[in-house]
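Comments concern the structure below.
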Amino acid sequence: MTLPDEFLWGVSTSAFQIEGAFTEDGRGRSVWDEFSPVVDDDTAEIACDHYHRYADDITLMKDLGVGAYRFSIAWPRVQPTGKGPANSAGLDFYDRLVDGLVEAGIDPVATLYHWDTPQVLEDEGGWLGRDITGRFAEYAALVADRLADRVKLWIPINEPVVVTLSGYAIGEHAPGKSLLFGSLPAAHHLNLAHGLAVEALRANGANAVGTANNHSPAWPATDSPEDRFAAGFYDTIHNWLFADPQLTGAYPEEAAPFLPIVDGDLEKIAAPLDFYGVNYYNPTRLKATTEGEPLPFERIDIDEYPKTSFGWPVVPEGLTEMLTTLKDRYGDRLPPVYITESGCSYPEDLADQARIDYLDSHLSAARAAGVRGYFVWSIMDNFEWDSGYSQRFGLVHVDYKTQERTPRDSYRWYRDVIAGDN
Ligand SMILES: O=C(O)[C@H](O)[C@@H](O)[C@H](O)[C@H](O)CO
């Protein structure tokens, strides 16, 4: 296993948010196909049409000078029903993409799962059931068998906390279930699937394997014991429910009783990692809710900082706080860290100084904390889940009518930063 020696400059995307081509080459339906259309009747049936325009998009990345590109593989393209032999036409696309990246001198960083669960598996229980964990390991083996000779870094699951909370607890994301604490089995099965996939990837020749966990400092609204309890409760779910078992082999004690753990699961989940990926956007402020409320916490606004178009506070010191907390909590059990996602949505304009300022401050915080690489979310505007095309995170503007790509000022800024570092 080798991690790149040099600092890794990267950009990130995900399959469902950019590829389009829903029905091409045997792709099956996913939970997000079913969950769409979203706001403004937006769907990702075309999105950035990356499935057909990947070569031009690689050229954009090559000209940017990045050393790595984090993308995801669409499970429903590789296994249309989430089980059985691989759909080779589906895998062929990722072969073409990976070959193009290698030719361009860009390290491929592959995420196996970025939320597009095959609908057939969701109909059979999805992440609430245990069966999907074995399916995911089979899928991981099929993909590694084809791509492990060229992919540099592997990430089994993107942000399992968001799948659990937004997909199964409060229903904001696919599959749209509002089960509150009834969503916790999904958290355990996502952890188990992560561990089984780490094993399957390595067994099929994978180089380095890590995570892409979302982390957000949990700030109490006041110093009252109630608000501190609320923030602590949220902190456990958002920051430690996945990191603890993955890095230490044990769940936070207050969560373990609610999880369908079977003997041997924790050992599997704690499969050793070569790197730890952090997705950071902003801190979260919590206040206690009144007696009888379903959840003991409520997320409230953080309004003493500037905000992005998404209403998210711009707090680079929150990234410093999170990286320091991770080091303090895990010590030498924390593998080398990459920022696998960091970015911001702002208006459509090509002149995006606010985005430059955001990235500049977060990059400085990340480098000061000694991370091994930084991946901007995102190389181009794309389908922002339940917010559709209303939020733009791209270094490159996308005209969704013509599919024209136009680099923003931030693209040129990042290119110069990378060139300056090389
Ligand atoms: O972190 C996430 O939620 C996802 O990984 C991305 O798919 C989002 O699009 C991005 O973060 C902006 O919200």
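Note that ligands are numbered from 1 as they come in the structure, with each ligand's atoms numbered from 1 the same way. Just the heavy atoms: all of them, side chains too, but no hydrogens, waters or symmetry mates, feed the values below. Residue numbers start at 1 and run along the sequence shown.
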Check for me whether W312 has a heavy atom closer than 4.0 Å to any atom of ligand 1.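 Within the 4.0 Å threshold, so yes.
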
Please determine whether any non-hydrogen atom of V162 lies less than 4.0 Å from an atom of ligand 1.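 V162 does not count as a contact of ligand 1 under the 4.0 Å cut-off.
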
Tell me the contacting part of N382 for ligand 1: side chain, backbone, both, or neither, using a 4.0 Å heavy-atom threshold, strictly below.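 No part of N382 is near ligand 1 at this cut-off.
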
I'd like to know whether R408 forms a salt bridge (Lys or Arg N to Asp or Glu O under 4.0 Å) with E348, so could you lay out the CA-CA distance, the side-chain angles of the two residues, the decisive distance to 0.1 Å, and finally the verdict. CA-CA 9 Å; R408 292 189 165 103; E348 194 161 349; over 6 Å; no

Could you check whether H188 and N191, counting side-chain N and O atoms only, form a donor-acceptor pair closer than 3.5 Å?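 Not at all, the side chains of N191 and H188 share no donor-acceptor pair under 3.5 Å.
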
Check the orientation of [X] and [Y]. Use parallel for under 30°, tilted for 30 to 60°, and perpendicular for over 60°.
| X | Y | answer |
| --- | --- | --- |
| Y305 | W219 | tilted |
| Y358 | H362 | parallel |
| F16 | F383 | perpendicular |
| Y139 | F136 | tilted |

Considering only the protein, which heavy-atom contact is closest to atom 10 (C) of ligand 1, and what is its distance?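 I find the closest protein heavy atom is Y281 OH, 3.4 Å.
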
Geometric cation-pi criterion, R27 with F22: 6.0 Å, 45°: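 The answer is yes; both the distance and angle limits are met.
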
When you measure from atom 3 (O) of ligand 1 to each heavy atom in R70, E159, Q391, Q17, which option holds the nearest one?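 The option holding the nearest heavy atom is E159.
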
Going by the order shown, which atoms of ligand 1 are within less than 4.0 Å of some heavy atom of [X]?
| X | result |
| --- | --- |
| W385 | 6 (C), 7 (O), 8 (C), 9 (O) |
| F393 | 12 (C), 13 (O) |
| E384 | 8 (C), 9 (O), 10 (C), 12 (C), 13 (O) |

Contact check: E341 vs ligand 1, nitrogen or oxygen atoms, below 3.5 angstrom: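 For ligand 1, there is an N or O atom that lies under 3.5 Å from one belonging to E341.
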
